[in-house]
K.L.:
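One structure coming up, written as structure tokens, with questions to follow.
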Amino acid sequence: MDYLIIGQGLAGTLIGYRLEQAGHRVHYADAAEQTAASSVAAGVINPITGRRFVRSWRIDELLPEARELYAQLENTLGVRLWHDLPLIRTLFNRGEQNDWLSRGGDPGYAQYLDDTPNLGSLPELTYPAFSYVGVRQTARVDLRRLVQTFRSRILATGRFTASVIDYGALPPGYDRYIFCEGWRARYNPYFNYLPHGGTKGEALLVDTGDAPVLKRMFKHRVFLVPQIEGGYWVGASSSNAFTDDGPTGATATFLEDRLREVLRVPYTVTAHLAAVRPTVRDRRMLLGRHPQHPELYIFNGLGTKGASLAPLGSKWLYDLLERGIPVPAEVSIDRFSDQGAG
Ligand SMILES: Cc1cc2nc3c(=O)[nH]c(=O)nc-3n(C[C@H](O)[C@H](O)[C@H](O)COP(=O)(O)OP(=O)(O)OC[C@H]3O[C@@H](n4cnc5c(N)ncnc54)[C@H](O)[C@@H]3O)c2cc1C
């Protein structure tokens, strides 16, 4: 079959890759001048999130699928994408400590919690906090490298068009079209009946020169994620009210103020990143086939957790495309069938 993937961020890359592996002809279109969330994200995989220490939705299924698919992509592309990295987070007070300890009594949580993490060089590099705990089975996936390396590959084989797709005149000659447009899906007349949200996020890249680098991710006021090339990704802000997707001075100040409360070594800011996360009201992915146009599909709604969600999400969509297996009801766009498709 001939496929056109519209949008080659994380979603488009993963579903396209699966289809290619199955022997289909896949072409990609992406608007090169737009910023993809995938090229800004830290790519953190974190099974326990939020102030209530909640285990992420379906994490026991998501993790093995993610490990396997990113490993396959590493082999195909010849680059390293997956970095096992421990995550240390702080507790602010005794109440939080009690909440954390009570989670440990739940068998579904125990494999992810580390009450006495090895702090490494954390005490030298950061200011002291009330207490520290660890999350297990965490990782960082280099999404930017994935999207860029994949882009070079499809460019080299003539399977990439740098353009915004005109919805009124979809390029002819394809059997199926899969829209993977991230937050901009709200402008897609075929799928704009779905409750697309959008949460803008900004982050900084900082260089700490000759200071020892923390070989852990650290969450305290901001998230510090060590980078392969040295220094840290520091973020991120979160805003549902935005007028554009570019960086703002106010958010840079906000992030730096927080960073100064955490990091005790000198640093310089080397980049300021911004993009919009494709969030959905009910926090579930958007997968499926258009109710009136059977050749049109969507893969969206990766929200704040694309790195862990997209591998299994792309498998579900692949199974629908190849085998007609319905995607789980929780992520199917059919859950919004009463909204009136365009
Ligand atoms: C600051 C920040 C930090 C984040 N940190 C993490 C993290 O640590 N862990 C994690 O799991 N997730 C994180 N995320 C979320 C993650 O980035 C997203 O879940 C994921 O990257 C979304 O991928 P996507 O392919 O759906 O969208 P995108 O990456 O935005 O890609 C969509 C692509 O479609 C293109 N496009 C749109 N419309 C059209 C059109 N009509 N024609 C052609 N091309 C089009 C766009 O140009 C873009 O390239 C973060 C996001 C941000 C902003």
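Atoms within a ligand are numbered from 1 in the order they appear, just like the ligands themselves.
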K.L.:
Near W233, which atoms of ligand 1 are under 4.0 Å from a heavy atom of that residue?
P.N.:
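That gives atoms 3 (C) of ligand 1.
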K.L.:
What's the verdict on side chain to side chain contact (heavy atoms under 4.5 Å, CB included) for V40 and S38, showing C-alpha distance, side-chain angles and the deciding distance?
P.N.:
CA-CA 6 Å; V40 164; S38 309; over 6 Å; no
K.L.:
Backbone N or O of D142 within a donor-acceptor pair of the R145 side chain at under 3.5 Å?
P.N.:
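It does not hold such a pair.
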K.L.:
Should one rank C180, A11, A42, A203 by closest heavy-atom distance to atom 25 (O) of ligand 1, which comes out on top?
P.N.:
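Answer by nearest heavy atom: A11.
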K.L.:
Could you check whether any side-chain heavy atom of Y17 comes within less than 4.5 Å of a side-chain heavy atom of Q72, counting everything from C-beta outward?
P.N.:
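Yes, their side chains come closer than 4.5 Å.
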K.L.:
Just to verify, which of Y127, F92, F130 counts as forming a ring pair (Phe, Tyr, Trp, His ring centres under 6.0 Å) with H220?
P.N.:
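It is F92; the other options fail the test.
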K.L.:
Would V276 count as a polar contact of ligand 1, with the cut-off being nitrogen or oxygen pairs under 3.5 Å?
P.N.:
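No.
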K.L.:
Between G43 and ligand 1, does any nitrogen or oxygen pair lie at a separation below 3.5 Å?
P.N.:
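Checking ligand 1 against G43, an N or O pair does fall under 3.5 Å apart.
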K.L.:
For atom 27 (O) of ligand 1, what's the nearest protein heavy atom and its distance?
P.N.:
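For this ligand atom, the closest protein heavy atom is G182 CA, 3.5 Å.
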K.L.:
Are the side chain of T270 and the backbone of L205 linked by a donor-acceptor contact shorter than 3.5 Å?
P.N.:
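Checked: pair present.
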K.L.:
F218, W233: one ILVMFWY side-chain cluster at the under-4.5 Å cut-off?
P.N.:
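Different clusters.
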K.L.:
If hydrogens are left out, which of S38, G301, G9 has an atom nearest to atom 29 (O) of ligand 1, that is, the closest non-hydrogen atom?
P.N.:
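Among S38, G301, G9, the closest heavy atom to atom 29 (O) of ligand 1 belongs to S38.
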K.L.:
Please report whether ligand 1 has a polar contact with Q34, defined as an N or O pair separated by less than 3.5 Å (distance criterion only).
P.N.:
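Yes, at least one N or O pair falls under 3.5 Å.
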K.L.:
Based purely on interatomic distance, does F299 place a nitrogen or oxygen under 3.5 Å from a nitrogen or oxygen of ligand 1?
P.N.:
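Between F299 and ligand 1, no N or O pair is found under 3.5 Å apart.
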K.L.:
If you measure from atom 22 (C) of ligand 1 to every heavy atom of P278, A66, A274, G306, which option wins on shortest distance?
P.N.:
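Ranked by closest heavy atom to atom 22 (C) of ligand 1, first place is P278.
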K.L.:
Among all protein heavy atoms in this structure, tell me which lies nearest to atom 30 (O) of ligand 1, with the distance rounded to 0.1 Å.
P.N.:
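Checked against all protein heavy atoms, atom 30 (O) of ligand 1 sits closest to A37 N, 2.9 Å.
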K.L.:
Give the residue and atom name of whichever protein heavy atom lies nearest to atom 9 (N) of ligand 1, and the separation in Å to one decimal.
P.N.:
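Going atom by atom, the protein heavy atom closest to atom 9 (N) of ligand 1 ends up being V44 O, 3.1 Å.
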K.L.:
For ligand 1, find out whether one of its N or O atoms is nearer than 3.5 Å to an N or O atom of A307.
P.N.:
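Indeed, backbone or side chain, A307 has an N or O that close.
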K.L.:
Using the salt bridge (Lys or Arg N to Asp or Glu O under 4.0 Å) rule, take E295 and R289 through it: C-alpha gap first, then chi angles, then the decisive distance, then the call.
P.N.:
CA-CA 8 Å; E295 72 285 14; R289 181 163 73 167; over 6 Å; no
K.L.:
Which atoms from ligand 1 have a heavy atom of A275 less than 4.0 Å away?
P.N.:
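This gives 53 (C) as the contact atoms.
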K.L.:
Going by the atom numbers of ligand 1, which of them fall below 4.0 Å from some non-hydrogen atom of V40?
P.N.:
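Counting from 1, the qualifying ligand atoms are 1 (C).
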K.L.:
Got an N/O contact under 3.5 Å between A41 and ligand 1?
P.N.:
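Between A41 and ligand 1, no N or O pair is found under 3.5 Å apart.
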K.L.:
To which protein heavy atom is atom 33 (C) of ligand 1 closest, and what is the distance rounded to 0.1 Å?
P.N.:
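Going by distance alone, atom 33 (C) of ligand 1 is nearest to D30 OD2, 3.5 Å.
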K.L.:
With a 4.5 Å heavy-atom cut-off, do K305 and N46 have their side chains touching?
P.N.:
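Of all side-chain heavy-atom pairs linking N46 with K305, none is under 4.5 Å.
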K.L.:
Look at K315 together with E61 and state whether they make a salt bridge at an N to O cut-off of under 4.0 Å.
P.N.:
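Result for this pair is no, no salt bridge flagged.
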K.L.:
Do any nitrogen or oxygen atoms of A31 lie less than 3.5 angstrom from nitrogen or oxygen atoms of ligand 1?
P.N.:
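Yes, A31 has an N/O under 3.5 Å of an N/O on ligand 1.
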K.L.:
Does ligand 1 have any atom that is closer than 4.0 Å to a heavy atom of N300?
P.N.:
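Distance cut 4.0 Å: N300 fails for ligand 1.
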K.L.:
Which heavy atom of the protein is the closest neighbour of atom 34 (O) of ligand 1, given with residue, atom name and distance?
P.N.:
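Heavy-atom neighbour on the protein nearest atom 34 (O) of ligand 1: G7 CA, 3.2 Å.
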K.L.:
Would you tell me which option among M217, R186, E181, R277 has the nearest heavy-atom contact to atom 41 (N) of ligand 1?
P.N.:
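Checking each option, the heavy atom nearest atom 41 (N) of ligand 1 is found in E181.
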K.L.:
Are any of the heavy atoms in Y28 under 4.0 Å away from ligand 1?
P.N.:
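Judged by the 4.0 Å heavy-atom criterion, Y28 does not count as contacting ligand 1.
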K.L.:
Ring centres of Y187 and Y167 under 6.0 Å apart?
P.N.:
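No.
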K.L.:
N/O of L10 under 3.5 Å from N/O of ligand 1, yes or no?
P.N.:
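Right, the criterion is met.
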K.L.:
Between the side chains of R51 and E96, is the shortest nitrogen-to-carboxylate-oxygen separation below 4.0 Å, so that they form an ion pair?
P.N.:
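Counted as a salt bridge, because a side-chain N and a carboxylate O are separated by less than 4.0 Å.
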K.L.:
With nothing but distance in play, are any N or O atoms of Y167 less than 3.5 Å from an N or O of ligand 1?
P.N.:
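Y167 vs ligand 1: N/O contact under 3.5 Å present.
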K.L.:
Please state which protein non-hydrogen atom is closest to atom 12 (N) of ligand 1 and give its distance, to 0.1 Å?
P.N.:
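Heavy-atom neighbour on the protein nearest atom 12 (N) of ligand 1: T304 O, 3.1 Å.
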K.L.:
Of all the non-hydrogen atoms in the protein, which one sits nearest to atom 43 (C) of ligand 1, and at what distance?
P.N.:
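That would be S163 O, 3.4 Å.
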K.L.:
Which ligand 1 atoms does I6 reach within 4.0 Å, using its non-hydrogen atoms?
P.N.:
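Going through ligand 1 atom by atom, the ones under 4.0 Å from I6 are 40 (C), 42 (N), 43 (C).
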K.L.:
Can we call the ring centroids of Y297 and H290 under 6.0 Å apart?
P.N.:
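When the ring centroids of Y297 and H290 are compared, they turn out to be at least 6.0 Å apart.
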K.L.:
Check each atom of ligand 1 against the heavy atoms of V164 and keep those under 4.0 Å away; list them by number with element.
P.N.:
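Reading through ligand 1 atom by atom, the close ones are 41 (N), 42 (N), 43 (C).
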K.L.:
Of all the atoms in ligand 1, which lie at a distance below 4.0 Å from a heavy atom belonging to G201?
P.N.:
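Numbered from 1, ligand 1 contributes 1 (C).
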K.L.:
Can the positive tip of R136 be found less than 6.0 Å from the middle of the six-membered ring of Y112, inside 45° of the ring normal?
P.N.:
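So R136 doesn't make the cation-pi contact.
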K.L.:
Just to confirm my output: which protein heavy-atom neighbour is closest to atom 18 (C) of ligand 1, and how far is it?
P.N.:
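Going atom by atom, the protein heavy atom closest to atom 18 (C) of ligand 1 ends up being G303 O, 3.5 Å.
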K.L.:
Using the six-membered ring wherever Trp is involved, compare the ring planes of W82 and Y70 and label them parallel, tilted or perpendicular (cut-offs 30° and 60°).
P.N.:
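W82 and Y70: tilted rings.
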K.L.:
Please say which of F150, Y177, Y3 ends up in a ring pair (Phe, Tyr, Trp, His ring centres under 6.0 Å) with Y28.
P.N.:
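So, applying the ring pair (Phe, Tyr, Trp, His ring centres under 6.0 Å) to Y28 and each of F150, Y177, Y3, only F150 qualifies.
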K.L.:
Decide if the gap between the ring center of W100 and the ring center of Y109 is smaller than 6.0 angstrom.
P.N.:
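Not under 6.0 Å, so no.
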K.L.:
State whether D244 and K200 are salt-bridged, where the test is any N-O pair (Lys NZ or Arg NE/NH1/NH2 against Asp/Glu carboxylate O) under 4.0 Å.
P.N.:
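Yes, this pair counts.
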